[in-house]
Structure formats: structure tokens, C-alpha cells
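Note that this is a predicted model, so its numbers are computed, not measured. Chain A is the first sequence line, chain B the second, and so forth, proteins listed ahead of strands; every chain is numbered from 1.
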Protein chains: 2
Amino acid sequence: MNIEIASRQLEALGNPTRLGLYRTLVRAGGAGLSVGTLQEKHEIPASTLSHHLRRLIDTGLVTQERQATTLICRAHYPSMNALVGYLVDECCADVGCIVPSSETAA
Amino acid sequence: MNIEIASRQLEALGNPTRLGLYRTLVRAGGAGLSVGTLQEKHEIPASTLSHHLRRLIDTGLVTQERQATTLICRAHYPSMNALVGYLVDECCADVGCIVPSSETAA
DNA sequence: ATGCTATTTCGATATTCATGGAAATAAACT
DNA sequence: AGTTTATTTCCATGAATATCGAAATAGCAT
């Protein structure tokens, strides 16, 4: 992880539409969701959706796998881990300031 | 925290120059750094720097405090906490996937 | 009030981004 | 080969961003 990659990923998530898409994919878990399902859930034109997905894929935050005619999209957790880790490391380099907000999980 | 705020903060960090500035401020800790010092460290024109800082301030990631003629900038840790917490919560809503990468810090 | 230092705002330009309809491609089925 | 479904690429357009010199402002010192 470096500042170039981190900033590109942050920028990819720094758009409400894309962040919403990513959130949906994260919540969908390992099964993922097809492009068409994402389109229905978010009610955006196919071409617009495709542009946003490309951005998420190009930055490594999302992966796609073809299943016949449909494309399954999945959040790529390792990338998210690395990004959050980068932010946390930067923050905690000098100050112990990160307090996990979801104590329920691990 | 909501998706609007989160995406605006992510976008603010999603620019290599701003992420670099933020990183410098985070590492500077509670003492913060003056705008002039940031300018020297990053070697960018004053007006450009000012625009970037405004963006970080408007999104709540950075605060400024006047000390005579100089303005001291500080990373606002609670905002960073909330943002990282949002990402982690989203991620861990369905899957336990976040592994803290800096085990040294608490 | 004038000058000096620190920083922001103004104004202008080039680049990138977001959006979405229409056409093209991919993959299966007939 | 032709059709249908799923998705992307092409193309165009308006909006937002990034950059930075020059002028303006803020605050202190003289």
C-alpha cells in the first residue's frame, strides 16, 4: 500500500453513488451480486452503473466473475483491509486514536 | 455518520496531495503545523495549498486555530475515527474481515 | 497609519468526472 | 445463423476539480 493506491481507492469510494454500490456489495458478502441486481437495487442507468463499477474494479476494491451471461460483482475484502489498515497506521503512527466502533465483531 | 458525510470525507482524502497533507498533519500530532510549514514541506504554491486545506477543513478532517499571524492546522482525530469506524462497520456487518494491521498500537 | 508576514480569495484555464442514450459486444439458447 | 439477455463501450455534454499568479485580507509591530 502506498499513497498513490490509497488515494485512488479513497477517491473511488468518495462518490455517494459508488460508496452506496460498494456498501451493497460488502453487505452481500461472498455470494456477491450481479450487475443487473445492482442496477435494480440502485435504480441507475446501465451505462452509468458500468462506469462506476469499472472505477471500483480498476482500483481493486471490487472483483467480477462471469457466470454465463451475468457478471457477479464482489467486494474485495483484502483491499478494504489494506486501505483501512493504511489509514489506521497513519493515524496511530504518533497517536493511539483509533477505537473500534463495532465491538460486537471480533 | 452517514453516506453523504463519509463520501465527502473519502473524496477529500482521495487526492494524493490532500492525503499527503493529511498524513503530515496526522503525524505531527496534537501540536499541529502551520500553513507555512506545510507549504515548505510539500512545496506547493500557497493558493493551491489553501484550497486543499479548505477542503479538508470543510469536511471536518482538519481544524485550524489562529496563533497571531500564523494558522495552526491539526488533524481532527474523532473525524478519522468516525470515518474508519463507518468503513469497518459496513465491512463487518456481514463478514468479520477487518484485521488490524498495526498490532503494536492497542 | 504604515509596513511586514501569513494566509486567503479572486479569476482564469486545463483537466477530470458524472451522466446516460445509443450502438456494440458477450454468452447462451433455438 | 438468428434471437434474446446481460453488460460494456462509444460519444457527447455539463459540472466539478486542480492549479496557480495576482490581488486582497488578517493580525501584529513600529
- prompt: Rounded to whole angstroms, how far apart are CG on A/Asp58 and C1' on C/dT16?
  reply: 15 Å
query: Among D/dT8, C/dT7, C/dT8, which is the nearest nucleotide to the side chain of B/Thr70?
result: C/dT7
- request: Give the rounded distance in Å between these two atoms: CG of A/Leu56 and P of C/dC17.
  value: 13 Å
Selected nucleotide, minimal atom distance to A/Val35 side chain, candidates D/dA18, D/dT8, C/dT7: D/dT8
query: A/Tyr77 side chain to A/Val26 main-chain N or O, any donor-acceptor pair under 3.5 Å?
result: yes
message: I want to verify a distance call: between C/dA18, D/dT7, C/dT19, whose nearest atom is closest to the A/Arg55 side chain?
response: C/dA18
- line: Between CG of B/Leu53 and C1' of C/dA6 the distance, given in whole Å, is 13 Å
task: Please determine if a side-chain N or O atom of B/His52 lies less than 4.0 Å away from the OP1 or OP2 oxygen of D/dT17.
output: no
- prompt: Given D/dT17, is OP1 or OP2 found less than 4.0 Å from the side-chain N or O atoms of B/Arg18?
  reply: no
message: Against A/Leu33, only a single residue in A/Ile72, A/Leu71, A/Leu25, A/Thr70 fulfils side chain to side chain contact (heavy atoms under 4.5 Å, CB included); can you say which?
response: A/Leu25
Nearest-Å distance for atom pair CD/C1', residues B/Glu65 and C/dA6: 16 Å
message: Base contacts versus sugar-phosphate-only contacts with protein, heavy atoms under 4.0 Å: please encode nucleotides 21-27 of chain D as B, S and - from 5' to 3'.
response: BB---SB
task: Please say whether more than 12 non-hydrogen atoms of neighbouring residues, nucleotides or ligands are located less than 6.0 Å from CD in A/Glu43.
output: no
message: Would you say B/Thr17 and B/His42 are linked by a side-chain donor-acceptor pair, where the criterion is simply a distance under 3.5 Å?
response: no
Length of the line joining B/Ile72:CD1 and C/dT8:P, which is rounded to integer Å: 12 Å
- request: Can you establish whether the number of heavy atoms outside B/Arg74 located under 6.0 Å from its atom CZ is more than 12?
  value: yes
- prompt: Nearest-Å distance, CG (B/Leu21) to P (C/dT7)?
  reply: 13 Å
- prompt: What is the nucleic acid contact for A/Gln64, judged by heavy atoms within less than 4.0 Å: base, sugar-phosphate only, or nothing?
  reply: sugar-phosphate
Short side-chain N/O contact to C/dA18 OP1/OP2 from A/Asn15, under 4.0 Å: yes
query: B/Leu33 CG to C/dT7 C1': how many Å, rounded?
result: 16 Å
message: Rounded to whole Å, please give me the gap between CG in A/Leu49 and P in D/dA6.
response: 14 Å
CD1 on A/Ile3 to CG on B/Asn15, rounded to 0.5 Å: 9.5 Å
query: Do B/Ser79 and B/His76 have side-chain N/O donor and acceptor atoms under 3.5 Å apart?
result: yes
